[in-house]
Structures are given as C-alpha cells and as structure tokens.
Amino acid sequence: MSGYQASCPSCGAAIVFALGASRLRVCEHCGSAVARKGANLESYGKVADLIPTPSVLALGMDGDYEGAPPFRLVGRLQLDWGQGTWDEWLLGFADGSWAWLSEAQGKFHYMGQAPVPPAPAFDDLAVGHTLDLGAAGTFVVAEVRSARFASAQGELPFAVAPGRELHYADLSGPGGQFATLDYGTGNAAEALFVGREVTLADLGLRPREDEERRPVARGESLKCPKCAGPLEVRAPDQTQRIACPWCGSLLDATRDFAILEALSKPPFRPLIPLGTQGRLRGLAWTVIGVMERSVTVEGVRYPWTEYLLYEPRQGFRWLVEAKRHWSFVEPLSPGDVDPNPAIYRGERFAHFQSGEAKVDHVLGEFYWTVARGETTETDDYVKPPRMLSKETTREKGQGRRGEVNWSLGTYLPADELWKAFGLKGDPPEPAGVAPHQPSPWKASLGPVWKSASLVVAAIFLVFVFLSAAGGKTLHRESIRIPPVVAPGSPEAAAFAGPFFVTSDGNLQVKVVSPVSNSWLYLDGALINEETAAVDEFDVEVSYYSGSDSDGSWSEGSTSAIQYIPRVPPGRYLLRLEPQWEAGRTPPEYQLTVRSRVPRFSYAVLAMLAVLIWPVLLLWRWFRFEVSRWSESDHPWISSSED
Ligand SMILES: [Zn+2]
Ligand SMILES: [Zn+2]
C-alpha cells in the first residue's frame, strides 16, 4: 500500500492515509477526524471514544480471503442505530482496493464493492420490497434504517463528520447472500456492497484474546442492582438486556446494569426455567431468556411464550410454546423466502394468520434491546409440521423503515422436548390443534383410500364376472290355476319340478304373471325330496295403472323375484299355494328357478363394509383440520357469531 503522508491540521502530528481510497483519518495523537479533499485536509474535530464492544478484531490485523490479495484491517467505524451499536471494519487490500467486514452479535459479514444499480431513493425504500441487483439476483429489503456515525479508528473511505446520520438498507438475497445499499447522508444510493456471512477462519484472521477485549457483560458473578439477587450472564458477549429472574427488573447490560424498568417480582413463571440445558438437533442449547407475547384479535388476547436458546457456536434459536404446543424455531434469511405466496425451498405454505404481536413480559437475557410493549407485525404460514413466520418491525412514524425477519418453526412433540431438556414430570396436556401440528390421520388417509378403492373395484369386477358366468336355469314352468277353485284353497296349489341342485348356493324363484290392477300372492315351499327339509318363502306380483289429473301412472310390476339362500345339492320340488283377489279369474303365472345367482345387493354391502374405515378416517381428518383452522384467518366452518 502506498501512503499519503500529511500533517494533522489540529495537532501537526504526521498522519498517513495508507489506503489510496481513504478520505477520513482519525489522528492517533489528538483524536481528530481529518478529511482529505483533494490536496486539502480539513479537521472535523475530535471523534468520540470508541464504544466498548466485545470485538475480537483490532486494527493492523492481516488476513486473506478467497484468493484476493492479502488485506489489513485499516479502519473501524462504529455505528449506533438507537437500540445498539455495531462495528464495520475496513479491509484494505494490497492492490489498493477495499471491502467492509461488519461485525454484530458475534457474526461477521464480508461485503465487497459492487456497481450501484438503479435503486429507489432512500425515502421510497420499504422493508419487504424486492430489488433487482442484476447478476447477484433479486434481493429482499430486510432492513431500512439510519445509524449515527458514533466513533471511528484508523481510516475510512468517505469524508463524513462524526455524529452525522448515515442512511442504509440491508438486503437479503438468494443462497445466503447479503447486500447493503449505502445512501450516505443523503437520499440517493451512493454505494452497493454484496457479500455473505463469513467466519474469521474464512478470512485468515485469528481472534485476539487479550486484556483489552471487553465483553459487554462478564460471565462472572453479578448482582441485580434492584434486588441484589445473583445474576448469571450466559451469553456475555452478546447480551444487551437482562430481566432479573428474581425481581423481573429490566437492566441495561451495556451500561453497568442500569435499571431501565424496576419491578418487584417476576411477571410470570416459565414452564422451562432459565438456565435449563437440553440437546436438540445434536447441539446443547441453554435457555437464556423468556418472553411472553400476545396478539389481540377482536378483544380476545392470544398469548404465547418464547424461550431464547443459546449455543456459543450456532448463536440463537427459539422454543415457542402456545397452548402447550411446542415448536423449535430457526431464523431464515429473508432472501431465501418467496413471500407471495410463501414458498421456502420449493415448499408452499398456506397463510394462517396475520396480527400485531406485543411483548408483554420478559425474563432473562436478550441479544437485542428488548422492551415491554414492543410491537411487530406477524404473518404465519403453515405446512405441517412446519410454520413459516414473518415479523416486520416498523420504526414509529416511519412505516417504510424498520426490518423484516423470517423464521421457520418445526412442531416439537412435548414429550420429546421434556426428554431432551430433562424436565420433571409429564408435559402439560396441549389444548386444541396447533396451526402446524401434524395430523395423525393424514398419513394413512391416502394409502387407506387407495387400497379400499382397489378392493371395491375388485368386488365389482368379481360381481360382473359372476353375473356373466353364473346363474343356471334349473326349471321353467307355466302354471294355470283351475278356474273354479277358491283363492288359498289346497285345490289351487301346484307342484313344480322336480329339479336338481348340483352345488351349494342360492336359488332364485322368478314369477311372471300378467296381472292388471290386481295381484297374485304365492305361499311357497322348497321341498328336498331326499331329506324332506322344507324352506318356506313367498313372492307377490302386483301391478296397478291408470290416469288422473297428473296424467297416466303405474305402480308395481308384473314380475317378482325371491331368493332362497344356501340351498344344498339335491332333488327338489316347489309347492306353490296361490292367493288372488277374490271374485276374479285366477291369473296364470310363469315360474323360473335358477341357481347360484349373483346378488348385486351383496356386492354393494361388501363395498360399503370396505368403505366404513376410509370414510371414518376422512371424517376424523376433516374434524382435525376444522379444529386446526378454527382460529386462523381462514376458518373452514365460520363460527356462529360471524
Ligand atoms: Zn492530530
Ligand atoms: Zn433483581
């Protein structure tokens, strides 16, 4: 790196702009910010002291990244967005180019310079909107904010006076890409940086472990300034707020535990105590904070509890409990979710509910400046067993600014959780159906219906086959009743047969008689000539017709069928005792006896029997889904008040 040497306009000491692109240098002797404008130097006055952040980096550290020329940390910019501060490190490469390394909450993002695309003015930016960044892809505007230039060290690539507000937008792109649009102090985009999350190892940087490094809150024994209860800080490098587990008072972990809100007792008792450790997804998580949040819909408050989990290498996750149903929740990069409709990794989620969530109570540690009463817009989408949630935080009075976050929750059976965290007793019984609770009926619904359909089809085919093949005529006879005998008298009776039944099965007796506005009733008996066994049956033919004001009508039929089930093989006779309308000429009738006639009603009964379980299953699945959606914005069955 060639340098540009000059004298500090404030104190006269020699200062060096090591990086050709540098426009601001903090004088090491007097602490003035010195701007370089062409050949002139201008002092912006003293910069404020650096805010103690738990950074593991320091100016002068060397590294290299992905085959780029070696770099050195030549500058450090501290920004304050009102609810916290973060560091931006300026990487000066050996060839004179540069990039940013942003450090916040223990995470690092390498951000390289990219050509500025046509971008909306700062005042027109809105969180949640998308922006086409050309070759890099389509990015989601994840955060729109202003941050104050709080302090600096070394060199910076812009000449801005400390204390000024800098406008920026953080964007989230596909495949874990990040981008920042810098608007400087104005309204037009000035610079674009594109990059991704990196580790210090990726950059060839070795974190320092020295005395100077000052964590925000040390993990050693501390006392609550309100109640003197012992405080254990479990994520000392990242904790911004602590709500004392003994008295509930909210403390500022970045300012010597100053009391932000004094309480005398914890506002609620979490089901999982603070400090509990458990293994989920192969990692040991510690519960470090608990929040009670709620949405209020039409005057009804729906509360839930969120447990903040911490693992030193993975960072933060959540356990969410609503009506005793549990979920494990992971943050997603907004650029990985297609918001409309909600699609994540090719899976489409159904909108469940939108609302405004409020923080009601907090306990324990938080890595952001949590406060009671904080509100966020929430949109939940489900595809059991998962839930996709969007949270949009807007800055008061500036609806377009704020940030958008996405997370993915996975339904976690309570007993699994109890086991994973070694909790005592049985988990409390969940109430109702959770939005993303997997249906116990859904998995078997498809296969059960598929096999039932196959069985029904098979029954139908067998019936069709039997109908085509079966049914053998054993006997056919026309019977004339003597004209002088009385109905029901023994003289009117006739015998038909004999005929032979060769194999087990039913017998069908069919009677056809040309009755007209009259009837014929036969009292029948099937007599086995060998065993003298008798099977009684009856069969009736009746047919009426006429015409009235509605036109002509008819009722009944001139034929009738009766079945005699399970007739064993043998030689048989039929005895038929007829009755008919008194005073009329006895009707003639034709008798046909067939054996082994397939009966469609049996086939239908068999099909219905096969369908009982599938229908029951469908009904249970339906009840479950109705219950699931009953508290959504889209109930399947609207409640009676609506
Ligand atoms: Zn100076
Ligand atoms: Zn306390």
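Atoms within a ligand are numbered from 1 in the order they appear, just like the ligands themselves.
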Fill in the blank from the handout: Given a cut-off of 2.8 Å, the protein N, O or S atoms lying below it from the Zn ion (ligand 1) are Cys8 SG, Cys11 SG, Cys27 SG, Cys30 SG
Fill in the blank from the handout: Any protein N, O or S atom under 2.8 Å from the Zn ion (ligand 2)? Found Cys224 SG, Cys227 SG, Cys244 SG, Cys247 SG
Problem - Of Phe93, Trp89, Trp98, the residue whose pairing with Phe71 passes ring pair (Phe, Tyr, Trp, His ring centres under 6.0 Å) - result: Phe93
Does this structure show an ion pair linking [X] with [Y], if we count only N-O contacts that are shorter than 4.0 Å?
X: Asp360; Y: Arg372; value: no
X: Arg313; Y: Glu311; value: yes
X: Glu155; Y: Arg72; value: no

Exercise for the section: Indicate whether any N or O donor in one side chain lies under 3.5 Å from an N or O acceptor in the other, for Asp80 and Thr85. Expected result: no
Handout entry: Ser55 side chain to Asp87 side chain, donor-acceptor N/O pair below 3.5 angstrom
Key = no
Practice task
Measure from NZ or CZ of Arg281 to the centre of the six-membered ring of Phe328 and say whether it is under 6.0 Å with the direction within 45° of the ring axis.
Solution key: no
Practice task
May I ask you to check if Arg234 and Tyr310 form a cation-pi contact, with NZ or CZ under 6.0 angstrom from the six-membered ring centre and within 45° of the axis?
Solution key: no
Exercise for the section: Take the angle between the ring planes of His436 and Tyr411 and call it parallel below 30°, perpendicular above 60°, tilted in between. Expected result: perpendicular
